[in-house]
*Asks:* 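To start, I am sharing the structure in question, which I have written as structure tokens.
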Amino acid sequence: MTADIALDIQRVSRRFGETVALDEVTLQVARGEFLTLLGPSGSGKTTLLRLIVGFDVPTGGSILLGGRDISRLTPADRSAGMVFQNYALFPHMTVADNVAYGLKLRKWPKERRRERVAEMLELVQLGGYQDRYPRQLSGGQQQRVALARALAYDPEIILMDEPLGALDRALRIEMEAVIRSIHRKLRATMIYVTHDQQEALALSDRIAIMRHGRLVDVGTPERLYEDPGSTFVASFFANANLVDAQLLERRGDGRARVRAVGSEFECRTSGPVLGRPKLALRRRSFRLAEPDGPSIPIRGRVAETLLFGDERQIVLDVPDAGRVVALMEARTSAVLGVGDDVQLHVPRDETVVVGEADPDQGA
Amino acid sequence: MPDTPTTTRTPAERRRHLSDLATRAVGGVVVTAAAVFLLAPALLTIVLSFSGDDRFNWPPESWGLRQYETLLESTDWLDAIWLSIRIALPVALLSALIAVPAVIAISRSRLPGRALLQAAGVVALIIPVSAFAVAVYGVFVQLKLIGTYVGLVLANTVLAFPLALVVTAAAMSRVPVELELAAMTAGAGRARAWAGITLRLLAPAILAGCVLSFITSFDEAVLINFLGGSGQVTLPKAIFDSVRFGVDPVITAIATLLMVATSLLMLIALRLRRSGR
């Protein structure tokens with residue numbers, strides 16, 4: 001991967017007086033990779049994006065794009081394309097003029113410009129919309145024009161700041177498909193900022209999880225799901241329930257003997273398990289019947305059930321563990337009524353023990 | 001017909017319905033009366049301007065364009081109109097030149113005390129003109145600006161530019177900063193992004209601000225009495241003077257022309273602001 005690094009972020013910090021918005025973030029993005037910066041608001045993800053695109057200058061560290069240090073260049077000199085949450089289309093220009101904006105600045109001849117605009121609009125499935133004005137388009141269409149405008153001059157990197165944040169759910173899913181297909185076709189390096197983990201899952205090759213201005217973890221969606229490394233990743237990214245666990249015996253092979261939810265068993269650990277250990281129970285891991293493999297019994301009283309369509313959310317009061325939320329198949333879980341004392345089962349290989357502290361915060 | 005809804009109302013419902021009707025009727029009367037009160041003097045003036053008499057008569061004994069002919073033959077009136085225009089034009093220009101950088105500073109910079117700057121900008125809209133005029137008079141005496149053209153332009157600018165500021169600031173709030181940032185990432189320099197996108201989008205509002213400042217200055221009747229000295233006679237001053245020495249019916253013609261011109265300019269300003277949206 002070293003030869004093919006598009007973006008190399010080296011110990012980049014951004015301080016505003018006493019506040020540290022970004023604390024020595026180091027991150028490499030491979031050429032053609034789709035990387036998502038995921039984190040709650042105030043985690044520093046947008047600050048990092050602004051530093052990459054050049055709306056702000058880091059107070060420490062450097063940013064290399066294609067091997068060139070760009071951290072102090074103006075946005076115009078960086079060869080980046082940007083897509084904003086509010087589309088930021090030029091309202092006084094037609095769709096074609098919007099898309100051609102970067103090409104005009106690069107002095108492309110008119111004929112080539114026209115061809116490129118048509119090609120880009122075809123790519124975002126807006127062929128024939130050249131002469132419309134932004135106000136005549138829906139939100140989803142406007143965002144596709146913005147994407148075409150950012151892609152047209154073939155920048156080295158495409159940056160997107162919560163581009164689907166202003167769209168409704170159905171449109172978001174449609175746009176995710178559009179973005180995925182464009183990334184597949186162009187193999188452009190893309191950095192995407194969001195606080196929505198579903199969006200991150202649907203789009204990303206890798207996800208960088210941020211919190212309090214630091215990079216908590218970077219990995220493929222599968223890896224972050226299976227091996228979250230910390231309670232923050234387990235709960236924020238995988239939506240897992242975290243219940244108190246007691247480490248009885250740690251093994252060298254990444255497994256440990258633990259006591260939790262009223263039983264004793266052996267299961268995987270993830271990360272260094274700093275601070276208080278917690279057992280992560282993912283919402284979709286709960287079963288009504290005991291599975292074939294080894295499993296953990298969860299006994300509790302049903303506090304609430306809520307039908308989500310194909311799935312049903314069951315809130316369980318578990319002694320010594322507190323409230324646990326499970327998502328189960330709607331039809332079979334219909335037998336669970338509020339107030340019932342029930343026993344559910346979680347396959348042991350779907351659970352993991354994590355430490356409460358972030359590994360990089362040193363407990 | 002068991003399914004048709006019954007129309008019988010409870011007494012409370014009937015009371016509410018009646019009071020609803022009454023409120024609407026009273027509202028209609030008030031609005032009509034207000035419109036008549038506002039428009040009647042204007043309409044009366046327009047009608048009178050077509051009187052053929054050489055003094056005020058109601059109803060006029062004859063009709064004609066006599067007032068307009070007198071106006072066009074009188075160099076005093078034409079000089080006054082010309083001076084008002086010569087003052088209002090630079091006032092409009094200066095207002096825009098002050099308002100645009102002020103709006104940038106207020107809405108796009110991290111300047112400390114921006115809110116204060118904005119409040120200070122519109123303070124001339126709030127303080128009474130006569131109080132302002134007395135203060136300016138004191139300063140202008142010191143600077144020997146009383147009765148000078150430059151002095152009148154400066155004083156009128158202070159009075160008129162807040163309008164340009166307000167209109168431009170309103171337009172600026174509808175231009176997201178991301179537009180400029182988008183232009184810059186696409187390869188535009190800061191100046192080009194600013195001029196080609198933000199300034200371009202503000203242009204209608206800036207023009208509207210100019211028109212409003214022009215009207216404010218052109219119509220200014222208080223400052224001129226303090227600062228005009230004896231030499232500078234603008235149109236509003238000339239109207240005052242003519243009324244003081246007996247009523248000349250020619251002012252109905254002037255008032256009519258003023259109303260028409262102002263309405264047209266206002267219409268232009270309104271159009272410009274709409275097109276900027």
Side-chain angles (χ1 to χ4, degrees), chain A residues 16-17 46 49-50 52-56 65 70 73-93 97-108 133-135 142-143 145-163 166, chain B residues 96 100 103-115 167-211 268-277:
Chain A
F16 297 94
T46 295
L49 197 75
R50 290 174 59 86
I52 298 170
V53 76
F55 300 154
D56 198 359
L65 183 61
I70 56 160
L73 297 181
T74 64
D77 294 329
R78 291 192 184 204
S79 184
M82 176 91 187
V83 177
F84 297 86
Q85 182 174 1
N86 65 358
Y87 325 133
L89 295 179
F90 307 131
H92 58 299
M93 294 185 191
D97 287 342
N98 266 283
V99 177
Y101 188 80
L103 306 176
K104 236 177 189 166
L105 291 169
R106 283 164 181 76
K107 305 207 167 26
W108 283 36
Y133 280 88
R135 63 173 174 276
Q142 288 190 50
Q143 198 56 294
V145 175
L147 198 56
R149 179 179 64 183
L151 289 164
Y153 49 92
D154 201 19
E156 280 185 59
I157 194 163
I158 300 286
L159 304 155
M160 296 186 242
D161 190 5
E162 310 221 4
Chain B
V100 173
V103 166
I104 299 168
I106 289 164
S107 71
R108 289 289 154 86
S109 74
R110 294 219 184 100
L111 197 72
R114 281 172 296 158
V167 174
T168 313
M172 188 69 146
S173 69
R174 286 190 302 270
V175 180
V177 69
E178 282 82 5
L179 294 188
E180 242 173 274
L181 297 179
M184 277 157 66
T185 27
R190 191 171 273 277
R192 181 158 188 168
W194 153 249
I197 306 295
T198 309
L199 193 63
R200 163 66 188 76
L201 290 171
L202 288 182
I206 295 171
L207 271 175
C210 282
V211 171
I268 292 170
L270 201 67
R271 270 286 168 80
L272 285 169
R273 293 191 63 187
R274 286 250 175 83
S275 77
R277 271 170 208 184

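Only heavy atoms go into these numbers, but all of them, side chains included; no hydrogens, no water, no symmetry mates. Residue numbering restarts at 1 for every chain, and letters A, B, ... go by the order of the sequence lines.
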*Asks:* Check B:G189 against A:A76 and note the closest heavy-atom contact, atom names and distance.
*Replies:* N-CB, 4.5 Å
*Asks:* How long is the straight-line distance from CG of B:L179 back to CZ of A:F90, given to the nearest 0.5 Å?
*Replies:* 6.5 Å
*Asks:* As an exercise, state the distance from OH of A:Y87 to CD of B:E178, rounded to the nearest 0.5 Å.
*Replies:* 12.5 Å
*Asks:* Does any heavy atom of chain B fall under 4.5 Å from the side chain of A:L103, the backbone, both, or neither of them?
*Replies:*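 Interface part for A:L103: neither.
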*Asks:* Evaluate side-chain contact (heavy atoms from CB on, under 4.5 Å) for A:V53 paired with B:M184, printing each intermediate quantity in order.
*Replies:* CA-CA 10 Å; A:V53 76; B:M184 277 157 66; over 6 Å; no
*Asks:* When you compare the side chain of B:V175 with that of A:P91, does any pair of heavy atoms fall below 4.5 Å?
*Replies:*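 No, every pair of side-chain atoms sits at 4.5 Å or beyond.
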*Asks:* Minimum heavy-atom separation for B:P176 and A:N86, please, with both atom names.
*Replies:* CB-ND2, 3.7 Å
*Asks:* Below 4.5 Å, heavy-atom pairs only: which of A:Q85, A:K104, A:R106 has the largest tally toward chain B?
*Replies:* A:R106
*Asks:* Quick one: pull up OG1 in B:T185 and CD1 in A:I158 and give me the separation to the nearest 0.5 Å.
*Replies:*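 Between atom OG1 of B:T185 and atom CD1 of A:I158 there are 10.0 Å.
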*Asks:* Which atom names give the shortest non-hydrogen contact between B:A183 and A:Y101, and what distance separates them?
*Replies:*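 Shortest heavy-atom contact: CB-OH, 3.5 Å.
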*Asks:* Run the side-chain contact (heavy atoms from CB on, under 4.5 Å) check on A:H92 and B:I197 step by step: do they pass?
*Replies:* CA-CA 9 Å; A:H92 58 299; B:I197 306 295; 4.1 Å; yes
*Asks:* Side chain, backbone, both or neither: which part of B:R190 has a non-hydrogen atom closer than 4.5 Å to chain A?
*Replies:* neither
*Asks:* Return the option, out of A:G102, A:P155, A:A88, A:A150, with the maximum number of heavy-atom pairs under 4.5 Å with chain B.
*Replies:*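 The answer is A:A88.
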